[in-house]
Amino acid sequence: QVQLVESGGGLVQAGGSLRLSCAASGRTFSSYAMGWFRQAPGKEREFVARINWSGGSTYYADSVKGRFTISRDNAKNTVYLQMNSLKPEDTAVYYCAARRGSTAPATIFGYDYWGQGTQVTVSS
């Protein structure tokens, strides 16, 4: 069992930056590939970014490519999402998710554990 707790959300002006963190319980964090997702009001949850078990491979949704960076620190059992040049359309609840194995899909399906989410609001 893995528990995921997101933090770092908040209110920021357009053009600003935030760094989200997702802390995982357990001693097998490096056995999991990780993903970040988001869900805006009235919309479906969508993929944002994923990272493989070692951090050596990442993949992004087109909407955030070049602005967001996913990374992980296996010694700290934490995955991060650095968000720069934020836009009002980035406003959403952001979730991290874990999938046992070396890599993870760029969809909401196939993940084993999910966090409770952290709210990000970008004002114009």
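A salt bridge (charged side-chain N to carboxylate O under 4.0 Å, His left out) check over residues 36-49, counting only residues at least two apart or in different chains, returns the pairs R38-E46, R38-D90. Pairs of residues two or more places apart, or lying in two chains, that qualify as disulfide bond (SG atoms under 2.5 Å apart) and include a residue from residues 72-124 are C22-C96. Screening residues 8-22 for side chain to side chain donor-acceptor pair (under 3.5 Å) gives S17-N84 as the qualifying pairs, with residues at least two apart or on separate chains.
Scored by the salt bridge (Lys or Arg N to Asp or Glu O under 4.0 Å) test, R100 finds no partners at all (sequence neighbours excluded). Under the ring-ring contact (aromatic ring centres under 6.0 Å, His included) criterion, W114 pairs with F37, Y111, not counting sequence neighbours. Checked against salt bridge (Lys or Arg N to Asp or Glu O under 4.0 Å), K65 has the following partners two or more places apart in sequence or in another chain: D62. Not counting sequence neighbours, the partners of T121 by the side chain to side chain contact (heavy atoms under 4.5 Å, CB included) test are L11, T91, Q119. Residues meeting the salt bridge (Lys or Arg N to Asp or Glu O under 4.0 Å) test with R72, sequence neighbours left out: none. Residues passing the side chain to side chain contact (heavy atoms under 4.5 Å, CB included) test with S85, sequence neighbours excluded: R67. Annotation: side chain to side chain contact (heavy atoms under 4.5 Å, CB included) contacts of S102 (sequence neighbours excluded): W53. By the salt bridge (Lys or Arg N to Asp or Glu O under 4.0 Å) test, E89 pairs with no residue at all, sequence neighbours left out.
Under a 4.5 Å side-chain heavy-atom cut-off, the cluster of Ile, Leu, Val, Met, Phe, Trp and Tyr residues that includes M83 is completed by V2, L4, V12, L18, L20, F29, Y32, M34, W36, V48, I51, Y60, V64, F68, I70, V79, L81, L86, Y94, Y113, V120, V122.
The main-chain N or O of Q3 is found under 3.5 Å from a side-chain atom of S25 such that the two form a donor-acceptor pair. Judged by distance alone, the side chain of N74 and the main-chain N or O of S30 form no donor-acceptor pair under 3.5 Å. Using modelled atom types, no side-chain atom of Q116 and backbone atom of V5 make a donor-acceptor pair closer than 3.5 Å.
Closest approach of A14 and P88 over heavy atoms only: CB-CD, 4.1 Å. Nearest heavy-atom pair across P105 and R99 is CD-CD, 3.4 Å.
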